[in-house]
Amino acid sequence: MSVLLRNSAKVLMAGQFIIVVRRASHFTRCLNLWRCESMRTRPEKVLRVHFTGEDGIDSGAMAKEVLEKPTADMGNIMFPSGSPVDSTYNVQKGYLQSCGEIAAVSLAQGGPSPCVLQGCVYESMVNPETDFKSLNVEHITAEEKTMLENIQHDLDNNRDTIVDHGFTGCCAMSLCSCSSSSSSPSSSSSLVMLLESLSSGLEPYGLADIIKKKPEICKALFVMGHEKDVDANYVFPLMKPCYSVEGSTRKDVEESVMDSFQAVLISLEDEQKISGYTEVLTWNYDDGEDRSERQESEKQLAEEFQTADVYVAGVLGWLTGQRHRPIDGDPLTIIVNFDHDCLDRNPKHTICFPSVAACGRELTLPVCNMGDTTISPYFPSRIL
């Protein structure tokens, strides 16, 4: 299916769809910027990204990086339980439509799959003629099942929930099954409206028609639980080292560096969370769409700093711009170069840092300070 979508995209992608955004922007702001740009330019064009305050030129990796975060936030914010948040505001602001457009662009241009829906919600989206009055327990989400069970066991303490989901009759135990059925979000017309708004955003590249014609094939792209994990055994074989001449001392050092790098990747799979550097953001402000009731002091701390969490998928994102496996199955290739001459350029330095060209998928590892190959040069406090 992804190959079919890619072929369709090649015909349509002429020109550029440019997003100018700062790093660590809130999801709502990203949606607003996307919606503003889509009003001027069709999203079928090639996505290009510019991070404000940075000099980077996007050749593909920055676009994938931008697609990664909104797709993840989409699942956490707009579809927290595998079903769209019951909010007409998201429809009126065009947020669900923008989510659909981001999903279509992500699938066509190498981003991650938007696996944010539960199976029953996906079935409702691909079958808009579904009779919601005849749905049974198999057609509702796990959270909705829990809500219905709570209503049946304790009707009095769940009256507000019943009213919030559209039941306006008398809440009595004799009507418990009726009110429970009416309280299910999947049984209400609001779900139809929400999914229609999402589907309208899936029009680019003809994705909406492809989904309706081949729902079973497309299911793995939208339903939760179909994502493949990124682990050390996946990332390390992608790296293609450019070793020195066989038998040379340089090659021995280079092989030790690669062994050390592999050991670091394996160590990142530990259950213990490893935190990287703390970065001060250039600026951060409230765009008016997601105001909070937090105290100003708490809000200031949250806005000034962000911390990089080091994990295997994050390393893949650092190397290539994407933290997911390619959905078309094509393997990534990361060229690894070794710098033996950094001391000649800067004789006083004592710590080496690797450099990455993510768009070209190229990593350069300095090796002059690899005197002890039992210690990682990039994680000095971690003995391998």
Which heavy atom of [X] sits nearest a heavy atom of [Y], and at what distance?
X	Y	result
A232	E269	N-OE2, 2.6 Å
Q322	G110	OE1-O, 4.0 Å
L47	I19	CD1-CG1, 3.9 Å
P354	P366	CA-CD, 3.7 Å
E68	R323	OE2-N, 2.5 Å
C115	H226	SG-CB, 4.5 Å

- prompt: Is the distance between the ring centroids of F236 and F261 less than 6.0 Å?
  reply: no
query: Do the ring centers of F27 and W34 come within less than 6.0 Å of each other?
result: no
Test of understanding: clusters of I, L, V, M, F, W, Y form through side-chain heavy atoms closer than 4.5 Å, transitively. Do [X] and [Y] belong to the same one?
X	Y	result
V116	V91	yes
I18	V105	no
M239	V367	yes
L33	L96	yes
Y89	L31	yes

4.5 Å side-chain heavy-atom contact, [X] and [Y]:
X	Y	value
D58	F51	no
Y95	T28	yes
R42	F17	no
V121	F222	no
E101	S38	yes
T88	M193	yes
R35	K93	yes
P80	V85	yes

message: Y122 and side chain to side chain contact (heavy atoms under 4.5 Å, CB included): which single residue from V223, L221, L195 fits?
response: V223
- line: side chain to side chain contact (heavy atoms under 4.5 Å, CB included) test vs V312 passes for just one of N233, V230, V264, namely V230
Determine whether a donor-acceptor pair (N or O, by modelled atom type, separation under 3.5 Å) exists between the side chain of [X] and the backbone of [Y].
X	Y	result
S106	P112	yes
Y205	E44	yes
R361	L319	no
S200	S197	yes

From [atom1] ([X]) to [atom2] ([Y]), nearest 0.5 Å:
X	Y	atom1	atom2	answer
L202	L207	CG	CG	5.0 Å
K219	I217	NZ	CD1	13.0 Å
F79	L194	CZ	CG	8.5 Å
L365	C342	CG	SG	11.0 Å
I327	E227	CD1	CD	12.0 Å
E254	S244	CD	OG	3.5 Å

- prompt: Is there a side-chain contact (heavy atoms from CB on, under 4.5 Å) between I266 and Q262 once you walk through the steps?
  reply: CA-CA 6 Å; I266 294 174; Q262 183 182 20; 4.2 Å; yes
message: For a side-chain contact (heavy atoms from CB on, under 4.5 Å) check, start with the C-alpha distance between H50 and M62, then their side-chain angles and the critical distance, and finish with the verdict.
response: CA-CA 8 Å; H50 174 70; M62 292 167 64; 5.5 Å; no
query: Given L332 and L316, is the side-chain contact (heavy atoms from CB on, under 4.5 Å) satisfied, shown in steps?
result: CA-CA 10 Å; L332 300 171; L316 180 63; 4.2 Å; yes
- prompt: Does D73 come within less than 4.0 Å of K69, counting only side-chain N to carboxylate O?
  reply: yes
- prompt: Would you call R23 and E65 a salt bridge, taking side-chain N to carboxylate O under 4.0 Å as the test?
  reply: yes
message: Within 45 degrees of the ring normal and closer than 6.0 Å to the centroid, is that where the cationic atom of R250 sits relative to F338?
response: no
Pair R29, N32: side-chain N/O donor-acceptor within cut-off below 3.5 Å: no
- request: Give the C-alpha distance, both sets of side-chain angles, the deciding distance and a yes or no for side-chain contact (heavy atoms from CB on, under 4.5 Å) between Y243 and M258.
  value: CA-CA 10 Å; Y243 288 126; M258 292 304 297; 3.5 Å; yes
message: Quick check on D252: does its CG atom have over 12 non-hydrogen neighbours (other residues, nucleotides or ligands) under 6.0 Å away?
response: yes
